[in-house]
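Numbers restart at 1 for each chain; the letters A, B, ... are given by sequence-line order, proteins then strands. Keep in mind that what you see is a predicted model, and the values were worked out from it rather than measured.
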Amino acid sequence: MSDITIHIKNKTFPAKGHAGQKQAIANLELKLDSGEFVCLVGPSGCGKTTLLNILAGLDNDYDGDIEVKQQTKPPKIGYVFQNPRLLPWRTVRENIELVLDKTQTPVEMDRLIAAMQLTSSQHVYPERLSLGMSRRVAIIRAFAVDPDILLMDEPFVSLDAPTARQVREQLLNLWQQRPHTVLFVTHDLREAIALADRLIFLSAAPMHVLSVISVPIARNERNNEEAIESFRQQLIHQCPEISSLL
Amino acid sequence: MIYSKQVLPSLSLLALLAVWQGVAAYLNSNTLPSPQTVALVLWQAIQSGELALHLGVTLLRLLVSFTVAMLMGCAIGIILGRNKGLDAFFDNWLIIFLNIPALVTIILCYVWFGLTESAAILAVVINKLPNVIVTIREGARSLDQDLLDMARCYHFSKRKTLVHVIGPQLHPFIMSATRSGLALTWKIILVVELLGRSNGIGYQLHLFFQLFDVASILAYTIAFVSVIQLIELTLLKPLDRKSLIWRR
């Protein structure tokens with residue numbers, strides 16, 4: 001479990017080709033409690049993926065600190081990328097097996113595969129899967145490492161609404177069985193309200209926090225479309241500073 | 001037309017034989033023996049064990065030099081493909097080595113290191129290596145950064161990344177280097193043998209040339225080409241198929 005403090009003073013991409021240099025993040029401060037489900041909402045291209053890449057350790061070229069308070073060594077990170085990023089030459093099961101370390105048992109993996117309803121497709125190569133199935137595999141892979149922090153970058157984008165809802169419910173089920181800090185990027189406010197404990201609204205690039213709002217809807221009310229819609233309306237009225245995002 | 005796949009190639013081979021037979025009968029000369037004569041010579045060479053001996057020696061050289069060139073070429077190719085600085089530095093070297101005629105490397109190797117087996121192998125490797133490097137480098141440049149990031153994020157070991165992420169992406173490039181490499185390598189080996197070894201197909205061809213024994217030259221050529229074709233069919237084709245299993 002981890003309490004995470006993020007303070008990124010500056011992250012700038014150097015000029016490349018015709019594009020000039022671009023400041024992606026400026027003075028971004030975030031605190032995440034352990035076991036919390038946080039949704040990041042912001043306009044596209046504002047630097048959310050950059051932030052996740054920094055947290056995942058894929059991008060170390062920034063000015064700032066990230067502190068993770070926890071007992072175990074470096075935090076284990078599960079990352080669901082915007083594209084599933086499965087290895088096309090390995091089967092579904094092999095893709096998941098590859099991220100496990102030696103101490104983990106296949107039993108747990110079987111349980112995850114079953115929970116995401118992929119048992120019958122586990123020996124299939126990813127090219128034969130639908131996008132929704134591929135995304136579920138990517139989610140299983142992220143859960144399979146038993147992460148301290150789970151990063152999710154618009155994992156449901158371009159799924160049709162019923163599939164998205166189904167995968168969302170499966171995700172929440174898994175998360176409730178074993179809560180860990182989740183940082184979930186989306187630009188769909190309804191989705192964010194349905195999932196999050198807290199919403200964090202972000203500005204356009206250079207990205208910083210506009211406002212932080214807790215979602216008061218009880219967990220068992222989250223599949224109630226009306227409750228979500230009314231909270232959304234309430235947000236639109238109460239928070240003019242984030243209206244551009246809604 | 002279901003069986004045209006098997007019938008047409010066989011027909012074309014027969015046609016080639018017929019043309020050969022026709023021209024040989026028309027010329028009626030020692031410089032172009034008929035297919036039967038060549039077949040007889042081939043049979044004698046097989047029976048005496050001479051063909052097996054020289055073919056074996058040549059294939060062994062092929063195996064050693066080819067393996068060394070492929071392993072080194074893959075390693076260097078991946079390094080150059082992933083490292084822009086090194087690539088810029090060594091690019092000129094590659095171009096120079098690509099353009100040195102095979103004959104020059106062979107002669108220089110023999111002059112510098114003597115008429116030895118290792119000099120012969122070295123000459124072949126130096127000839128083959130730049131081609132492998134260039135092909136593999138192309139593959140390494142186009143590796144999918146998304147998948148590499150995924151591997152890094154999930155703490156794949158170096159070995160795991162190589163086997164499961166990089167290897168499969170390089171596979172088509174490795175196969176292409178293997179194919180072109182095999183054809184190139186055995187041709188160079190014959191020259192190497194001709195110039196400085198006392199066994200192998202190249203040495204035998206040299207001998208037959210001095211005796212003007214065209215039938216033997218053709219017999220050895222046919223034997224060698226068949227073996228190379230056999231390698232293609234029994235080793236490379238199945239490898240290709242195995243690697244394509246995951247594609248739709």
Side-chain angles (χ1 to χ4, degrees), chain A residues 16 49-50 52-60 73-104 123-130 134 137-153, chain B residues 70 74 77-78 81-88 135-136 138-179 235-248:
Chain A
K16 203 174 189 183
T49 302
T50 309
L52 293 195
N53 283 343
I54 288 175
L55 292 178
L58 296 177
D59 188 343
N60 295 317
K73 308 123 326 226
K76 277 188 282 185
I77 288 176
Y79 194 163
V80 182
F81 302 90
Q82 211 162 45
N83 300 318
R85 296 199 192 178
L86 305 175
L87 299 172
W89 38 83
R90 296 288 180 264
T91 62
V92 166
R93 196 179 170 82
E94 289 167 341
N95 261 287
I96 301 165
E97 261 168 352
L98 276 173
V99 304
L100 301 180
D101 61 41
K102 289 175 195 102
T103 59
Q104 287 172 296
H123 297 299
V124 164
Y125 287 95
E127 300 236 332
R128 293 182 198 275
L129 299 178
S130 68
S134 302
V137 178
I139 292 172
I140 296 174
R141 180 173 65 185
F143 271 96
V145 298
D146 195 13
D148 300 302
I149 305 166
L150 183 58
L151 307 172
M152 305 186 88
D153 192 358
Chain B
M70 283 304 286
C74 285
I78 291 176
R82 301 308 297 166
N83 189 322
K84 288 209 176 78
L86 281 179
D87 188 28
T135 312
I136 301 297
E138 213 49 56
R141 276 179 184 157
S142 60
L143 287 180
D144 187 339
Q145 189 58 42
D146 281 1
L147 292 181
L148 290 173
D149 277 352
M150 185 280 292
R152 202 145 65 90
C153 170
Y154 284 109
H155 304 293
F156 280 29
S157 64
K158 280 217 166 74
R159 201 189 139 269
K160 218 179 198 181
T161 310
L162 192 65
V163 174
H164 298 285
V165 185
I166 297 178
Q169 292 185 71
L170 288 185
H171 187 275
F173 295 89
I174 293 173
M175 287 309 287
S176 140
T178 304
R179 285 233 161 72
L235 281 178
L236 300 186
K237 280 264 167 67
L239 266 177
D240 256 357
R241 266 198 294 276
K242 186 169 171 267
S243 75
L244 293 180
I245 258 179
W246 55 272
R247 287 192 204 272
R248 242 184 311 207

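The minimum heavy-atom distance between A/Pro147 and A/Gly78, with the atom names listed, is CB-N, 3.5 Å. In terms of heavy-atom proximity, B/Leu239 sits nearest to B/Met175 at CB-CE, 4.0 Å.
A side-chain donor-acceptor contact under 3.5 Å links B/Arg152 to the backbone of A/Leu58. For A/Asp148 (side chain) and A/Lys76 (main-chain N/O), a donor-acceptor pair under 3.5 Å exists by modelled atom type. Of the possible polar contacts, one joining the B/Arg82 side chain to the B/Ala140 backbone as a donor-acceptor pair under 3.5 Å is found. The main-chain N or O of B/Ile174 is found under 3.5 Å from a side-chain atom of B/Thr178 such that the two form a donor-acceptor pair.
Note on A/Val99, A/Leu98, A/Asp101: by heavy-atom pairs under 4.5 Å with chain B, the leading option is A/Leu98. Ranked by heavy-atom pairs under 4.5 Å with chain B, the list A/Ile77, A/Leu86, A/Asn83, A/Leu87 is led by A/Leu87. With chain B as partner, the option from A/Trp89, A/Tyr125, A/Tyr79 having the largest number of non-hydrogen pairs under 4.5 angstrom is A/Trp89.
For a residue to count as touching a neighbouring chain, one of its non-hydrogen atoms must lie under 4.5 Å from one of that chain's; by this rule A/Asn53 does not touch chain B. When heavy atoms are compared at a cutoff of 4.5 Å, A/Val145 approaches chain B solely by way of its side chain, counted from C-beta outward. Residue contact with chain B, scored on non-hydrogen atoms closer than 4.5 Å, involves the side chain of A/Phe81 exclusively. The parts of A/Arg85 that come within reach of chain B are both its backbone and its side chain, each placing non-hydrogen atoms under 4.5 angstrom from that chain. Residue contact with chain B, scored on non-hydrogen atoms closer than 4.5 Å, is absent for A/Leu151. In this structure, chain B has no heavy atom under 4.5 Å from any part of A/Leu55.
Residues A/Val124 and A/Thr91 fail the side-chain proximity criterion, which asks for heavy atoms closer than 4.5 Å.
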